[in-house]
Amino acid sequence: MIRKKIVTFLTALGFCLYYMDINGTNIIQAKKLQEEKKYIVCTKNGSELKEVEKEFGKTGEINENGGNCLQKKRMTTVELTESEAEDLADISEVSFVEEDKCVKASRRFVWKDKNVHKKTVKRMKKNQSGTEWNIRMIHAGKAKKDKKKKIKIAILDSGVSYTDDIDMDPSKTISLVPGEEELSPLFMDGTGHGNSVAGLIAAKDNKKGITGINPNAEIYSIRVLDDNNTSPVSRVIEGIYMAIEEDVDIINMSFGMDTYSAALEKAVKDAKKAGILIIAAAGNTGGKGVEYPAAFDEVMAVGSVDQHGTAAESSAAGNQVEIVAPGELVRSTGIFCDELVSSGTSLAAPQVAAAASRIWEKDPRVSADFVRELLNQSANSYGDREKYGNGLLDLEYALESYDEFKEAYPERETALSSSEEGQTEMLLQENKREVLSFEETGCVAGSWTQKLHGDMIPTNRVNVLQGARYPDKSDETKGMYDNPWWHGFFHKNYVAAYIYETRLANQFTDERAVTVPANMQWMRLAIEDAVKNINWKEQFGSAPSKGTKRAFVWGMAIHNLQDTFAHSTYEYKNGKWIPINHDKGNEANDCDNKNRCETRYTLAVKAVKAAIRKYENSSHPSGSYAEYSSVLEAREFRMGDIYQNIKKVAGSSLAAPYASVNYATGFAASTK
């Protein structure tokens with residue numbers, strides 16, 4: 001039974017000892033000496049967990065998408081004073097109580113006979129290859145396309161936005177951040193951090209942008225980092241358990257914190273028991289040591305090197321560093337399919353995860369430990385163990401040595417215990433390959449400028465992205481029925497609404513009078529009020545520039561544009577065209593189910609790209625019906641009233657091509 005009375009000792013101003021009743025009686029009316037903080041509580045049975053939540057009140061750190069993974073492991077988050085936490089921890093039914101601290105975007109196997117050899121270098125003035133310098137340094141090459149089983153990689157990060165450059169099922173992306181339960185897959189990543197991680201792993205070989213190390217990998221995106229690239233550890237734990245339930249092979253975590261967490265360690269150990277290879281960024285702490293979760297024995301801690309193969313000054317050092325990969329001025333996939341150049345161990349970790357997936361594809365039946373040991377034994381070990389671990393990642397050498405290693409690998413498939421550390425013999429010849437050193441990488445910090453990794457100054461594309469996320473997050477604009485003009489569900493004319501919204505956006509930098517498209521006079525006030533009511537200080541922390549405001553409202557308009565593909569479409573079923581409605585009682589039939597008519601999302605990406613080009617046009621044109629042209633490629637669905645919508649703003653001749661993809665009957669009232 002959880003204790004009903006909590007003793008609070010008040011020392012300030014000579015207060016005496018008081019008893020405070022949890023249920024609200026005899027509550028001290030004086031100012032509390034201790035502030036409440038958020039704590040993770042783990043109990044020994046489910047009934048006590050419910051009692052804790054009942055008495056202290058569960059926090060809202062994780063949204064309903066989490067599926068109660070924490071509760072299944074008898075954990076919850078509550079707000080307590082320090083003394084309440086201490087008293088709760090003393091109760092026999094409670095396993096542990098710890099502060100729910102934040103992680104921020106940012107043990108090795110030791111072989112007794114693995115030598116550290118002298119580094120030899122092959123110098124190159126400039127990377128003139130079509131392959132990125134970092135990919136060349138680790139000898140990753142191109143992944144062969146085959147029909148082998150895809151390796152599942154869960155990316156716990158700031159989210160991965162659905163894009164045509166990463167082969168990702170939009171239904172495999174989810175946000176655990178509170179208030180983002182209905183966030184669109186196209187705008188999932190709020191900072192670009194998650195997309196850069198995913199791009200290094202699995203960006204397509206499509207002659208656009210970069211090519212990832214393994215485009216064949218199957219990506220699961222679990223958004224735990226918020227728009228500040230931070231997360232309470234409880235949300236990370238929830239994400240780990242979701243990854244376990246999804247039966248993934250690899251978890252990548254490009255973030256860390258400097259404080260030990262028993263709850264996080266338990267989740268990591270459970271993931272290891274489930275046969276998952278866990279990879280994390282060692283951290284950008286310099287000589288201050290490896291951060292958690294990378295510091296746990298069960299996790300591969302990845303440090304970073306620069307273009308010369310030298311350990312980066314910012315990369316964490318310590319005996320937990322297991323392997324290193326390039327992490328300074330690395331190019332990857334950015335916001336709205338832009339390219340991004342940034343630095344840090346956050347970029348090194350996913351390269352190891354991708355390399356691991358390439359190895360695992362050869363035989364998915366081998367264990368995570370097999371893959372981990374092969375990565376480490378094949379690494380090029382030429383530096384101090386506390387900075388380089390087992391050495392620089394070398395995928396080519398690992399793949400070439402695969403058969404030899406597998407034949408010699410011990411039959412046991414269980415993880416090495418800490419007592420066995422250092423007892424595994426080297427099974428491969430030492431890798432003494434020359435390290436490629438690039439005088440010029442061909443990369444400059446273009447898309448983001450940064451003083452330290454994580455301290456990023458965004459371009460206006462980030463502000464467009466924030467605006468695109470706003471309609472799903474703000475109470476002022478949420479709901480496709482309450483605010484259809486922000487969610488592509490305005491059958492009177494969603495095209496006109498989009499155009500007008502972009503004109504309002506442009507007015508921040510161009511004060512000429514805004515013309516209102518025909519047949520939308522009566523709804524203009526609702527759109528204008530939503531823009532006038534934006535709390536700019538809340539969104540940006542200070543008064544933004546006119547250009548930033550323009551970018552933000554353009555993003556809101558783009559949200560409306562892309563939502564049309566989710567909320568105003570029809571599919572052919574049972575011999576007739578039927579609206580793809582909201583159906584919360586049957587997820588398979590719901591219009592927000594990303595698997596239902598998947599090309600809706602593919603074509604929505606094209607529409608968004610067209611809108612971004614219009615936004616970035618130096619002459620500042622407004623949006624137009626042309627941004628909807630990707631719908632002309634639709635085969636498995638039709639767009640509701642698209643012909644009528646375009647006809648009203650552009651005329652019959654320009655609207656004519658859209659007649660073939662038009663469905664002229666509005667949604668039934670019953671859809672609400």
Side-chain angles (χ1 to χ4, degrees), residues 103-104 106-119 138 251-262 264-265 268-269 271-272 277-306 309-328 344-349 351-353 355-356 368-369 371-394 415-428 430-431 435 453:
V103 300
K104 187 171 179 63
S106 39
R107 162 203 109 96
R108 58 185 169 90
F109 291 163
V110 180
W111 286 269
K112 62 182 181 182
D113 52 354
K114 180 159 191 179
N115 299 319
V116 176
H117 56 257
K118 184 178 179 180
K119 178 182 177 183
I138 62 174
I251 292 175
N252 186 90
M253 294 181 282
S254 288
F255 49 75
M257 64 179 183
D258 59 7
T259 308
Y260 167 80
S261 164
L264 181 59
E265 183 176 31
V268 164
K269 285 182 180 294
K272 172 113 177 125
L277 178 60
I278 312 157
I279 297 167
N284 307 306
T285 63
K288 293 183 180 180
V290 175
E291 295 184 319
Y292 295 98
F296 292 125
D297 288 351
E298 294 78 12
V299 181
M300 287 191 78
V302 184
S304 67
V305 297
D306 62 18
T310 303
E313 289 185 9
S314 62
S315 183
N319 61 11
Q320 294 93 354
V321 175
E322 187 161 338
I323 197 168
V324 293
E328 297 298 301
T345 56
S346 285
L347 284 302
Q351 295 176 71
V352 176
D369 284 330
V371 177
R372 182 175 181 174
E373 289 193 37
L374 178 52
L375 284 168
N376 284 313
Q377 291 204 24
S378 60
N380 191 342
S381 182
Y382 54 77
D384 177 13
R385 287 291 180 89
E386 292 202 352
K387 291 182 178 180
Y388 296 87
N390 291 294
L392 177 64
L393 174 68
D394 190 332
L416 294 172
S417 67
S418 59
S419 63
E420 292 174 308
E421 185 174 330
Q423 300 305 308
T424 301
E425 294 184 359
M426 283 292 296
L427 305 178
L428 298 178
E430 190 175 357
N431 180 356
V435 177
H453 183 60

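Note that the numbering runs from 1 along the sequence shown for the chain.
Minimum interatomic distance between Ala301 and Val290 (heavy atoms only, all atoms of both residues): CB-CG1, 4.1 Å. Val321 and Gly303 make their closest contact through CG1-N, 4.4 Å (heavy atoms, listed as atom of the first residue, atom of the second, distance). Contact detail for Ala325 and Ala348: the closest heavy-atom pair is O-CB, 3.5 Å. Nearest approach of Phe255 to Pro293, heavy atoms of both residues: O-CD, 3.8 Å. Nearest heavy-atom pair across Ala280 and Val299 is CB-CG1, 3.6 Å. Heavy atoms only, all atoms of each residue included: Ile138 and Pro326 are closest at CG2-CD, 3.4 Å.
How far CG of Asp394 is from CD1 of Ile323: 9.5 Å, rounded to the nearest 0.5 Å. To the nearest 0.5 Å, atom CD1 of residue Ile278 and atom CG of residue Asp297 are 11.0 Å apart. Here the CE-CE distance, from Met253 to Met300, works out to 13.0 Å after rounding to the nearest 0.5 Å. Taking OG of Ser304 as the reference point, atom CD of Glu313 lies at 11.0 Å (rounded to 0.5 Å).
The aromatic rings of Phe296 and Tyr260 stand perpendicular to each other, their planes meeting at an angle above 60°, with 30° marking the opposite boundary.
Taking 4.5 Å as the limit, every side-chain heavy atom of Arg385 sits out of range of all side-chain heavy atoms of Asn319. At a threshold of 4.5 Å between non-hydrogen side-chain atoms, the residues Lys288 and Asp258 do not count as touching. Contact annotation: the side chain of Glu328 never approaches that of Ser315 to less than 4.5 Å [non-hydrogen atoms, C-beta and beyond].
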- Task: Please step through side chain to side chain contact (heavy atoms under 4.5 Å, CB included) for the pair Glu322 and Leu375, ending with a clear verdict.
- Result: CA-CA 10 Å; Glu322 187 161 338; Leu375 284 168; over 6 Å; no
- Message: Show, in sequence, the C-alpha distance, side-chain angles and deciding distance for Val302 and Thr345, and conclude whether the side chain to side chain contact (heavy atoms under 4.5 Å, CB included) test is met.
- Response: CA-CA 7 Å; Val302 184; Thr345 56; over 6 Å; no
- Please assess Val268 against Lys272 for the test side chain to side chain contact (heavy atoms under 4.5 Å, CB included), listing each intermediate value before the final yes or no. CA-CA 6 Å; Val268 164; Lys272 172 113 177 125; 5.6 Å; no
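Using modelled atom types, one finds no donor on one side chain facing an acceptor on the other under 3.5 Å when comparing Asn390 with Ser381. A donor-acceptor pair shorter than 3.5 Å can be found between the side chains of His117 and Asn380.
Between the side chain of Ser378 and the main chain of Leu374, a donor-acceptor pair closer than 3.5 Å is present. When atom types are taken as modelled, the side chain of Glu291 and the backbone of Thr285 share no donor-acceptor pair closer than 3.5 angstrom. Of the possible donor and acceptor atoms, none in the side chain of Tyr382 sits under 3.5 Å from a partner among the backbone N and O of Val435.
Partners of Lys269 under the side chain to side chain donor-acceptor pair (under 3.5 Å) rule, at least two apart in sequence or in another chain, are Glu298.
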